[in-house]
Amino acid sequence: MPDARVRTRFAPSPTGALHFGSVRTALFAWLTARHAGGDIIVRIEDTDQERYIPGTEALILETLSWLGLDWNEGPEVGGPHDPYIQSLRIAIYREHANTLVAGGNAYWCTCTPARLAAMRDAQRAQSKPTRYDRRCLARQAEVAQERANGMAAVVRLLMPEGVTEWDDLVRGHVSFNNSDIDDQILLKSDGFPTYHLAVVVDDHLMEVSHVIRSDEWIPSTPKHLALYAAFGWDAPSFAHVPAVLGPDHQKLSKRRGARNVLEYGELGYLPSAIVNAIALLGWSSGDEQEVFTPEELCERFTLDRVNSAAAIFDPKRLDDLNGIHIRRMSTDELVEGLEFHLPGTSKETRRQLIPLLRERMVTLGDATRLCAPLLGEITLDADVEFPPKKVDQATAVAMIDACMAAIEAGGLEDQPALLEQLRAVGESRGVKARDAFRVLYVAVLGTAAGLPVIEAMAFLGKEKSLQRLREARARLG
RNA sequence: GCCCGCAUCGUCUAGCGGUGAGGACACCACCCUUUCAAGGUGGUAACCGGGGUUCGACUCCCCGUGCGGGUACCA
């Protein structure tokens, strides 16, 4: 059954970095392929010379790699259908456009952009749909002459009569009246194909079985189906996945704050958490599991459980998932992952810090802030009350004195005993341990929130701990 | 203007004619607790509106409304 092999593709255009919307589409295509044990192709759709932004294809590939969305064929890895960059395949599209013209399924058109604009304005003024009026179709001999004289020309699809319908894998049955569909330009006057021609030719040549793309392509699908029919090719299955919206309910776009996914990596978000979070944007497992490893997603994901409504991305959800994924990391993985966020630290240092950090990070980047008092000097913030609320001066002094005395006597060697000893000091004076300990937090860490203080002192060592306690003691007068 | 689509807590969603409308995030409270977290328990919170169909509608149909998308020699 070689024909049943699932082959999907992700076809970004190099017009900017990837955001959650585009990555989500890529993820669904990847999951569909991986779930079925099939292939995924990456293909760069750079047929628009105007919008091309140099360097972005490298950025896109880096993003996919970082997320763990590997591809079987495409840039960098090659494959049987090389090249996977459309600007390198121009001859193929031109040849196919000619075939369509020869078969009467497409025609040349020399109408100027100005005429087309005027035509549309007139149609709109009459409340009519704006579609090409086929002026050139009726005068092909003349058009041929004009072309010979060097006039700019395009190839248009001759949209057939009738109705186009398909069973979309996420939308269900979809149907269009062909009379509502324009005669799409297939070949531009600069010789480049439009998306519509290139995508159909490439998906067919590359044997793509499932076209998974964002739902803004739904109105174009009848054009694509008409092309498959004109070429005499079998059409692939289509799955149009809903858009991802920003907090403003607008479609995610580079403008308006849609961040490059790679930036999340720098902030300390994990690829597995991002993958988990965006998979949940439109897909659900059907049971109540919501935390998934990429492997689990590959196993569980199917397109028929993809929702058809647009989803708003919620950064809070990503934070939650990221914390969970961090807590599931092994110590070795954290030692590795924290290197970037705790620059200049040794593996051994990070290994010691991890037990204190693990439950307290939303992102790996939080380690920088949390560890600052341990890796450098503390900063005294005027907003921090000292002694803290609910603790009188005398008790604060007592806590610090007791702590210094205990540490002098080797108290850091036995942390549970030290804890009990200090707790007793506060309680003997009628102050709750939770309040009394704040004195030590501020003294040692400079703040009443953060890493656990006894463990922190153990990390700092006897001398440094004593020094901070002494300085705090002096501030109490 | 003209086409198309979507519609359950603030957010992501489950639901596929009969449910006390379930879960997760966020939020609130309490518990645990050396701070902060993490963890535990509980709570607030939703079927866009109007007509049908049906013994019975969140579920099916129609209309409206709202939102999204398309309408380019962009993808």
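Just so we're on the same page: letters track the sequence lines, and every chain starts at 1.
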S.K.: Assuming nearest nucleotide by heavy-atom distance, tell me which of A/Ser308 and A/Tyr441 is located more 5' along RNA chain B.
M.R.: A/Ser308
S.K.: Across all strands, who's sitting opposite B/rA29 as a Watson-Crick or G-U wobble pair, both distances under 3.5 Å?
M.R.: B/rU41
S.K.: Name the pairing partner of B/rC67, where a pair is Watson-Crick or G-U wobble with both distances under 3.5 Å, or state none.
M.R.: B/rG5
S.K.: Base, sugar-phosphate, or nothing: which does A/Gly323 touch, judged by heavy atoms less than 4.0 Å apart?
M.R.: nothing
S.K.: Which donor-acceptor pairs under 3.5 Å do the side chains of residues 14-28 of chain A make with protein atoms, sequence neighbours left out?
M.R.:
residue: A/Thr15; atom: OG1; partner: A/Ser13; partner atom: OG; Å: 3.4
residue: A/Ser22; atom: OG; partner: A/His19; partner atom: N; Å: 3.1
residue: A/Ser22; atom: OG; partner: A/His19; partner atom: O; Å: 3.1
residue: A/Arg24; atom: NH1; partner: A/Leu281; partner atom: O; Å: 2.3
residue: A/Arg24; atom: NH2; partner: A/Pro242; partner atom: O; Å: 2.2
residue: A/Thr25; atom: OG1; partner: A/Gly21; partner atom: O; Å: 3.3

S.K.: Looking across every strand, which nucleic acid part, if any, lies under 4.0 Å from A/Arg305 by heavy atom: base, sugar-phosphate, or nothing?
M.R.: sugar-phosphate
S.K.: Could you check whether A/Arg156 makes a cation-pi contact with A/Tyr132, meaning its NZ or CZ is under 6.0 Å from the centre of the six-membered ring and within 45° of the ring axis?
M.R.: yes
S.K.: Quick one: label A/Asn307 by what it contacts on the DNA or RNA (base, sugar-phosphate, nothing), any heavy atom closer than 4.0 Å.
M.R.: sugar-phosphate
S.K.: For the C1' atoms, the ones on B/rC12 and on B/rA46, what distance do you get once it is rounded to whole angstrom?
M.R.: 13 Å
S.K.: Starting at CD of A/Glu420 and ending at C1' of B/rU34, how long is that distance when rounded to a whole Å?
M.R.: 10 Å
S.K.: Which nucleotides of nucleotides 36-42 of chain B have their base under 4.0 Å from a protein heavy atom (B), which only their sugar-phosphate (S), and which neither (-), written as one string 5' to 3'?
M.R.: BBSS---
S.K.: Can you tell me, in whole Å, how much space there is between the C1' of B/rC60 and that of B/rG66?
M.R.: 22 Å
S.K.: Could you walk me through whether A/Glu216 and A/Lys251 pass the salt bridge (Lys or Arg N to Asp or Glu O under 4.0 Å) test, one step at a time?
M.R.: CA-CA 11 Å; A/Glu216 65 200 359; A/Lys251 197 180 136 193; 2.3 Å; yes
S.K.: What's the CD-C1' distance between A/Glu290 and B/rA24, to the nearest Å?
M.R.: 4 Å
S.K.: How far, in whole Å, is B/rC58 from B/rA21 if one measures between their P atoms?
M.R.: 10 Å
S.K.: Taking only distance into account, with no hydrogens and no angle test, what donor-acceptor pairs under 3.5 Å do side-chain atoms of residues 452-459 of chain A form with protein atoms, sequence neighbours excluded?
M.R.:
none

S.K.: What side chain to side chain donor-acceptor pair (under 3.5 Å) pairs are there with at least one residue in residues 106-119 of chain A, not counting sequence neighbours?
M.R.: A/Tyr107-A/Asp183, A/Thr110-A/Glu146, A/Arg115-A/Asp133
S.K.: Enumerate the ring pair (Phe, Tyr, Trp, His ring centres under 6.0 Å) contacts for residues 418-454 of chain A, please, sequence neighbours excluded, ordered by first and then second residue.
M.R.: none
S.K.: Can you tell which of B/rU34, B/rC12, B/rA24 lies closest to the side chain of A/Leu280?
M.R.: B/rC12
S.K.: Quick one: what's the B/S/- string for nucleotides 68-75 of chain B, heavy-atom cutoff under 4.0 Å, read 5' to 3'?
M.R.: SSSSSBBB
S.K.: Any chance CD of A/Glu161 has more than 12 other-residue heavy atoms, nucleotides or ligands included, within less than 6.0 Å?
M.R.: no
S.K.: Find the distance A/Ile312:CD1 to B/rC25:P and express it as a whole number of Å.
M.R.: 19 Å
S.K.: Between C1' on B/rU13 and CZ on A/Arg300, what's the gap in Å once rounded to a whole number?
M.R.: 15 Å
S.K.: What is the pairing partner of B/rC16, taking Watson-Crick or G-U wobble pairs with both distances under 3.5 Å in any strand?
M.R.: none
S.K.: Given atom CZ of A/Arg317 and atom P of B/rC27, what is their separation to the nearest angstrom?
M.R.: 14 Å
S.K.: Rounding to an integer number of angstrom, what distance separates B/rG50 and B/rG42 when you compare their C1' atoms?
M.R.: 39 Å
S.K.: In whole Å, I'd like the distance from the CG atom of A/Leu281 to the C1' atom of B/rU11.
M.R.: 10 Å
S.K.: According to side-chain contact (heavy atoms from CB on, under 4.5 Å), who are the partners of A/Arg120, at least two apart in sequence or on a separate chain?
M.R.: A/Leu116, A/Gln123, A/Thr130
S.K.: Side chain of A/Arg423 only, heavy atoms from C-beta on: which candidate in B/rU34, B/rA14, B/rC25 is closest?
M.R.: B/rU34
S.K.: Please check: side-chain N/O of A/Asn307 versus main-chain N/O of A/Trp283, any donor-acceptor pairing under 3.5 Å?
M.R.: no
S.K.: Heavy atoms within less than 4.0 Å of RNA chain B: which residues of residues 158-179 of chain A have one? Give them sorted by number.
M.R.: A/Arg171, A/Phe176
S.K.: Name the pairing partner of B/rC60, where a pair is Watson-Crick or G-U wobble with both distances under 3.5 Å, or state none.
M.R.: B/rG52
S.K.: Could you measure between the two C1' atoms, the one in B/rC47 and the one in B/rC32, and give it in whole Å?
M.R.: 38 Å
S.K.: Going by salt bridge (charged side-chain N to carboxylate O under 4.0 Å, His left out), name the residues that satisfy it together with A/Asp215, two or more places apart in sequence or in a different chain.
M.R.: A/Arg171
S.K.: Could you give the CG-to-P distance, from A/Asp319 to B/rC12, as a whole number of Å?
M.R.: 17 Å
S.K.: For A/Arg89, what residues pass the side-chain contact (heavy atoms from CB on, under 4.5 Å) criterion, not counting sequence neighbours?
M.R.: A/Pro83, A/Ile92, A/Tyr93, A/Asp202, A/Leu205, A/Met206
S.K.: Quick check: do A/Phe238 and A/Arg213 have side-chain heavy atoms less than 4.5 Å from each other?
M.R.: yes
S.K.: Between B/rC27 and B/rU44, how many Å separate the two C1' atoms, rounded to a whole number?
M.R.: 8 Å
S.K.: Please give, in whole Å, the distance from B/rG15 P to A/Asp287 CG?
M.R.: 11 Å
S.K.: Sequence neighbours excluded, which residues qualify as salt bridge (charged side-chain N to carboxylate O under 4.0 Å, His left out) partners of A/Arg473?
M.R.: A/Asp401
S.K.: In whole angstrom, give me the gap between the C1' atoms of B/rA7 and B/rC48.
M.R.: 7 Å
S.K.: In whole Å, what separates the P atom of B/rA37 from that of B/rG23?
M.R.: 25 Å
S.K.: Under the rule for salt bridge (charged side-chain N to carboxylate O under 4.0 Å, His left out), what residues qualify as partners of A/Asp366, not counting sequence neighbours?
M.R.: A/Arg369
S.K.: Can you identify which nucleotide, out of B/rA24, B/rG22, B/rU34, has its nearest atom closest to the A/Ala433 side chain?
M.R.: B/rU34
